[in-house]
Structures are given as structure tokens and as C-alpha cells.
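Below is one structure, written out as C-alpha cells; the observations come after it.
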Amino acid sequence: MSKYLVTGGAGFVGLNLIHALSAAGEKVVIYDNLSAARKKYLRDLPNGIKLVEGDVLDLQEVKKAARSMDYVVHLAGQPSVIKSVKDPATTLEINATGTLNVLLAARDAKVKRCIYVGSAAAYGESPSLPKVESMNDAPLSPYGVSTIAAENQCRVFFNTYGLQTVVLRAFNLFGPFQETTGPLAPVCGKFITTLMDGKAPVIAGDGKQSRDFVHVADLIEAIKAACIAPKAEGELFNIGTGSRITINGLVNMINNILGKEIQPKYEEAHPGDIRHSLADITKAQEMLGFRPRTSIMDGIESTIEWYRKNK
């Protein structure tokens, strides 16, 4: 049995991760300030999971939480492109300084490895597809800039302090526990629940933009592999599927699965949004043994079923 500290463990990815780790018999400590927590899902945590309410900007509290941990998985952050455009200073503070504090805590606690889950937003609008880890970053949003800062700190802590760090650049995630309401909710969950309710989803832009949607269960497997894969320390990996679908195509797919024909509404594109995104996952396949097992169709179907049971 290993001990994991999961920052941001009360959020979308965190909840999926802690349940997977608990099912595997691991001991987990959630460290979360609960500002964006899926609180109703925290009422009945599995055995062996402890919740510590704290902020990654509080270095001393992060250090306390990291003591005696084997692994740190850093998920806490401000994940919204839209919010980062409106408030770049807070985004940089949370995502860059917060990551620095987590790395300091992990270093001082002498953990085996620290995993940072970043974002494909770091690639920005670089013209080449698919996105390869060796490509130059060209972020379009303050959020993308903040994730690059966090990634660079991980690299520095590996090279300078010997802390084993692994960076995972996640592409567009979806699955259970994802937020579905409000202007900042990711499109998959929002579109699913909107169409389930018989309402028209709103697409920002013309809907011809494309995304590499990866089910959260595949990211969880990548996180688990990143903790133990030999020679992965100090490396950066794309986590996606290597395939993409347009936003219009996503709405059509959800409509078909639900047996509906609801047409979307369109509004102006959001500033900072990229046009196309597609992951090259060769490196993750070779070094982590990563294999995305959930197709977009299967993932949407299972996510719809989860929302039906938990709505």
C-alpha cells in the first residue's frame, strides 16, 4: 500500500483518481480548498481517504499534508481559459506559485515522485497537427502561460533538486463528476446535460473547431503509470487519444445517442480559445505504456448513463 497526496482531489479529475486509488487499496489524502469542489460527492468518501481542507498557496499547510507521502499528484489549479482572460494575475498566482509550493513540499517530504497534470492549452495555436511534446509552445491565453510556468518548475526541480517529476499534458477531458452548469463548465458535460433536458446547447464560435476528447479514466491510468514508470522522471507526456471531433460533431453524436434532434445555438467565440487540437501520444505509449481504452462514442454513452444515475 502506497500513500498519495492529491491536491485538488475534490474536483472532477481528483474524484475519479481517488476512487480508483481507493479501489486499488491505496491510502489517499485529498488536499483541497473546496472552492471548486464537487461537494455533494464528498459526503461518502471510500475508506482510507482523508480530506484536508487547505490551499496550495499556503506553503506550510501543503508541507504538513505532504509529510510521509509516497507520491504527490498535483491537480489543484485555476483551469478555465475564460477566467484566465478576465483575471490573469490570479490564474498565474494559483497555477504557478501554487505549483511551486507543492514542489517545495514534495521535495522536503522526499516523496518518490510528483505528478503534475497540465494542459494542452500550452501548445496554443501552433499550426502543426498533431501536437508533439518537442513542439514550441505558443499559448493563446494566460491559462496556457500559467501551465507552462508550472511545467518548467517541475523540470527545474528535477534537474536542480533531484525531485522526480512527471508532467502530463491532458487534452480535452470528460467523464463522471465533471461540472455541467455555468459559463465555465467544459463542453462535454454541459452539452450532455443540456440535451438531456431537451434544451439547445450553446456553441462558442462556428462549431467547426476540433478537439481531442479523452475520457478521464484514461487520464487516471496515465497518472498511475507516471508514478512508477521507469525513466519517466523529468519527462513531459501528451495524454489524449490521437483522434479528434468537431464541436458540431460532438453535439450531433450526443443527439444521436439520446435520440434527439435539437439544433445548437451559436455565439461569439471565446478569446483565447484555440481552433484545433490533436495529441500525438507516441511518447506516452512507448514510455508509460499508455493506451487510451475509451473511444469518444463509448465514453459519451457511459457518461450519459452516469449523469442519468447521479443527476
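By convention here, the first residue in the shown sequence is residue 1.
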So, using side chain to side chain donor-acceptor pair (under 3.5 Å) as the criterion, who are the partners of Q153 when residues are at least two apart?
none
Can you list the residues that meet the side-chain contact (heavy atoms from CB on, under 4.5 Å) rule with D70, with sequence neighbours excluded?
S2, K3, K112
Considering only Ile, Leu, Val, Met, Phe, Trp and Tyr, and joining two whenever side-chain heavy atoms are under 4.5 Å apart, list the other residues clustered with L278.
L129
At what distance, to the nearest 0.5 angstrom, does CD1 of I245 lie from CZ of F213?
7.5 Å
Taking only residues two or more places apart in sequence, or in another chain, which ones meet L173 in a side-chain contact (heavy atoms from CB on, under 4.5 Å)?
F12, V13, A170, V214, L219
Could you tell me whether E235 and K283 have a side-chain N and a carboxylate O separated by less than 4.0 Å?
yes
One pair to check against side chain to side chain contact (heavy atoms under 4.5 Å, CB included): T303 and E305. What are the steps and the verdict?
CA-CA 5 Å; T303 303; E305 187 60 29; over 6 Å; no
Electrostatic pair K64:E61 at N-O distance under 4.0 angstrom
yes
Give, for atom CZ of R107 and atom CD of Q164, the distance between the pair rounded to the nearest 0.5 Å.
15.5 Å
Are any of the side-chain heavy atoms of N248 and Y266 separated by less than 4.5 Å?
yes
Hey, what's the ring geometry for H215 with F174, parallel, tilted or perpendicular (30° and 60° as the breaks)?
perpendicular
Would you be so kind as to tabulate the donor-acceptor pairs closer than 3.5 Å made by side chains of residues 292-301, with sequence neighbours excluded?
residue	atom	partner	partner atom	Å
S295	OG	D298	N	3.1
S295	OG	D298	OD2	3.3

Taking atom types as modelled, is there a side-chain donor on D212 or S277 under 3.5 Å from an acceptor on the other?
no
Hey, could you give me the CG/CG distance between D280 and N238, rounded to the nearest 0.5 Å?
7.0 Å
Basic-acidic side-chain contact under 4.0 Å: R275, D206:
yes
Would you mind reporting whether L42 and L34 have side-chain heavy atoms less than 4.5 Å apart?
yes
Would the distance check show the side chain of D87 and the main-chain N or O of K83 forming a donor-acceptor pair, the cut-off being under 3.5 Å?
no
Apart from V167 itself, residues in the same hydrophobic cluster as defined by side-chain heavy atoms under 4.5 Å
Y116, L236
Can you measure from CD1 (I18) to CD1 (I30) and round to the nearest 0.5 angstrom?
3.5 Å
Q209 side-chain N/O to G207 backbone N/O, donor-acceptor pair under 3.5 Å
yes
